[in-house]
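These values consider heavy atoms only, across backbone and side chains, with no hydrogens, waters or symmetry-generated copies.
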Amino acid sequence: MLAAPALASTDAEVQLVYDTIRAKYPDLSAYCQLSEDERRKTVIDTITPMVATRKLQQPFASVPAAGALLRQDCGIAEVFEPAKLRWLATADPLKFSPERGRFGMFTSVQAMANKVFAPAGDGPFPAVVISGTKGLSEHLRVHARSLLDAGFAVLVVDTFGPRGYRAGVREPLPSEFAKDAYDALAHLQSLPFIDKERIFQTGYSYGGLAAALLASPEGAQEFKAQGRFRATVSNYASCSIAGPYTSASGGATTLPMLTADSDRPILMLMAELDIETPPATCFPLLEEMRAAGKDVHWHIYPRTTHAWDKAENNGYVYRTVSGETMTYRYDAAITKDATERMIAFFNRYR
C-alpha cells in the first residue's frame, strides 16, 4: 500500500533518525528491551518534531529504513510493514467532558473542545464528530453551529491542545486524528440523547485526512473500535500524503489515506489550487472505486485554495520544502456550498 519511492529517502535522513534515537539510548539494550508498541512510540515521538520543523522531508521512507537498522542492531527479526504507519497512534487517549453543552451566542470554540453540544430537546439526535487541523480555530465553531441548526449534535475534537502539540513545532500524524475520532464515537455512543446508529464525521485538512482513513475497516480493527461512522466528509484533504510540507504530487514517497478497501460512504470536497493536499492524489483512485461500486463522492472547487473556510487564516502563505507557495483565500460562497453539501450528504444516510 505504500507507494514506491520515486524520490528515495536520502541516506542523510535515515542517518538523522537513527542517530537521534541512538542518542536517546546510549545503552542500546534499553531500547531493544522495549515492547514493540514502546519502540514505535519512541520513534513517533522522535520524528514528529523533526517533520514539523522540516528536518525530515521524506518521513515515510526514512523512518521505516531507520527502524530496520535499529531492529537489525537489536537482533530483532520482526519486519515492520511501512503501510502500518498510517495507523500509528501513540498518544494517550483524550478525555471527553461528561456534560452536555448548550450552544449560545457567546460560546467560544475553546469551550466546545471535546464536549458534546446538542439541539434543544431530549433526542436521540444524530451526531457529527468534527475533526479540525492544527488546534482549535473559529471556523470549527461556525460549522458546529450549522450542524446544530440542522438537527445534529456535535463534538468538536481538539487533538492538539490537551497534548501540547504545536503547529510547526510538533505535529501528530493523521492517524492520531482518526484514533481520536473513534474515541469520540465511543463517547457519543455512551450518551442516552445520541442515536448510536447515526453518528457521522467531518474533517478539515488533518481532520479531512482522518475522514479518509475512517472509511476503511482496517483502522477500526487496528484501533479496536467498537463501532464505525455511518459516513464521513473530507474537506480540503487528499488521498495520500508525503509530509506536512512536501507535496504528495511531487514524486515523494507517500502514505495512503483513502484506500480501495473503504466500505463506508465518503464525500471528498477538494480545492483545485491546493498544493498542500492536492486533489491529483485521488485520481484515478476515486474513479476506480466508484466503478467498483463503492459509495464515494467528490467535488473539486475551481480556482480555490486550501482552507477556503478559514477567514481567520486568509492571506496565510503556505510554502513547501521545494519552494512552492500557496496563499490561503477565504471564500464565503464556497464555504456555504461545502457546508450545504456536507449536511445534504449526511441527511442521505440519516
Problem set entry | Trace of the side chain to side chain contact (heavy atoms under 4.5 Å, CB included) decision for Met326 with Val317 | CA-CA 6 Å; Met326 169 184 60; Val317 178; over 6 Å; no

Exercise. Are Leu255 and Leu214 grouped together when hydrophobic residues (ILVMFWY) are joined by side-chain heavy atoms under 4.5 angstrom apart?
Worked result: yes

Exercise. By side-chain hydrogen bond (donor to acceptor under 3.5 Å, both in side chains), which residues pair with Gln33, not counting sequence neighbours?
Worked result: none

Seminar exercise, completed: Hits for side-chain hydrogen bond (donor to acceptor under 3.5 Å, both in side chains) against Asp295, two or more places apart or cross-chain, chain-then-number order -> His297, Tyr349

Exercise. Crowded around Arg303 CZ? As in, over 12 foreign heavy atoms under 6.0 Å?
Worked result: no

Below 3.5 Å, can you tabulate the donor-acceptor pairs from side chains in residues 65-77 to any protein atom, sequence neighbours excluded?
{"from": "Arg71", "atom 1": "NE", "to": "Glu78", "atom 2": "O", "distance (Å)": "3.2"}
{"from": "Asp73", "atom 1": "OD2", "to": "Tyr18", "atom 2": "OH", "distance (Å)": "2.4"}

Seminar exercise, completed: Tightest non-hydrogen contact, residues Gly132 and Phe177, listed as O-CE2, 3.6 Å

Exercise. Between the side chains of Thr46 and Lys24, does any donor sit under 3.5 Å from an acceptor?
Worked result: yes

Exercise. Can Asp337 and Arg341 be counted as an ion pair, charged N to O under 4.0 angstrom?
Worked result: yes

For this session: Determine the sole option in Tyr236, Tyr301, Tyr206 for which the ring pair (Phe, Tyr, Trp, His ring centres under 6.0 Å) test with His306 is passed.
Result: Tyr236

For this session: Answer yes or no: are there more than 12 heavy-atom neighbours, outside Arg145 itself, under 6.0 Å from its atom CZ?
Result: no

Exercise. Under a single-linkage definition using a 4.5 Å side-chain heavy-atom cutoff for Ile, Leu, Val, Met, Phe, Trp and Tyr, are Phe117 and Leu188 assigned to the same hydrophobic cluster?
Worked result: no

For this session: Please check if any side-chain donor atom of Asp180 sits under 3.5 Å from a side-chain acceptor atom of Ser131, or the reverse.
Result: no

Exercise. Tyr182 and Glu222: side-chain donor and acceptor closer than 3.5 Å?
Worked result: no

Seminar exercise, completed: Arg40 meets the salt bridge (charged side-chain N to carboxylate O under 4.0 Å, His left out) criterion, sequence neighbours left out, with Glu36

Exercise. Checking side chain to side chain contact (heavy atoms under 4.5 Å, CB included) for the pair Phe152/Arg350: CA distance, chi angles, key distance, verdict?
Worked result: CA-CA 10 Å; Phe152 294 88; Arg350 183 170 166 178; 3.3 Å; yes

Side-chain donor-acceptor pairs of residues 105-113 under 3.5 Å, sequence neighbours excluded:
{"from": "Thr107", "atom 1": "OG1", "to": "Gly104", "atom 2": "N", "distance (Å)": "2.7"}
{"from": "Thr107", "atom 1": "OG1", "to": "Gly104", "atom 2": "O", "distance (Å)": "3.3"}
{"from": "Ser108", "atom 1": "OG", "to": "Ala111", "atom 2": "N", "distance (Å)": "3.1"}

For this session: Check salt bridge (charged side-chain N to carboxylate O under 4.0 Å, His left out) between Glu272 and all other residues, then give those that pass, not counting sequence neighbours.
Result: none

Seminar exercise, completed: Applied to residues 199-209, the salt bridge (charged side-chain N to carboxylate O under 4.0 Å, His left out) test, sequence neighbours excluded, yields none

Problem set entry | Approximate separation, where rounding is to 0.5 Å, of Lys41 NZ and Leu34 CG | 11.5 Å

Seminar exercise, completed: For Phe125, the ring-ring contact (aromatic ring centres under 6.0 Å, His included) test, sequence neighbours excluded, returns none

For this session: Check the pair Ile21 / Val43 against side chain to side chain contact (heavy atoms under 4.5 Å, CB included), numbers first and verdict last.
Result: CA-CA 7 Å; Ile21 293 174; Val43 172; 3.7 Å; yes

Problem set entry | Ile199-Val154 co-clustered via ILVMFWY side chain contacts under 4.5 Å | no

Seminar exercise, completed: In short, salt bridge (charged side-chain N to carboxylate O under 4.0 Å, His left out) pairs touching residues 114-127 with sequence neighbours left out are Glu99-Lys115

For this session: Name all pairs fulfilling the salt bridge (charged side-chain N to carboxylate O under 4.0 Å, His left out) condition that reach into residues 185-203, sequence neighbours left out, sorted by first residue then second.
Result: Asp195-Arg198

Expected list for residues 283-294: side-chain donor-acceptor pairs under 3.5 angstrom, two or more places apart:
{"from": "Lys294", "atom 1": "NZ", "to": "Ala260", "atom 2": "O", "distance (Å)": "3.4"}
{"from": "Lys294", "atom 1": "NZ", "to": "Ser262", "atom 2": "O", "distance (Å)": "3.0"}

Exercise. Which ring pair (Phe, Tyr, Trp, His ring centres under 6.0 Å) pairs, counting each pair once, include a residue from residues 25-46, with sequence neighbours left out?
Worked result: Tyr25-Tyr31

Problem set entry | Interatomic distance, Glu171 atom CD to Arg166 atom CZ [nearest 0.5 angstrom] | 11.0 Å

For this session: Let me know which of Asp309, Thr335, Asn313 forms a side-chain hydrogen bond (donor to acceptor under 3.5 Å, both in side chains) with His139.
Result: Asp309

Exercise. Would Asp261 and Thr259 count as having a side-chain donor-acceptor pair, cut-off 3.5 Å?
Worked result: yes

For this session: Starting from the C-alpha separation in whole Å, work towards a yes-or-no answer on side chain to side chain contact (heavy atoms under 4.5 Å, CB included) for Leu273 and Thr304.
Result: CA-CA 5 Å; Leu273 303 181; Thr304 305; 5.9 Å; no

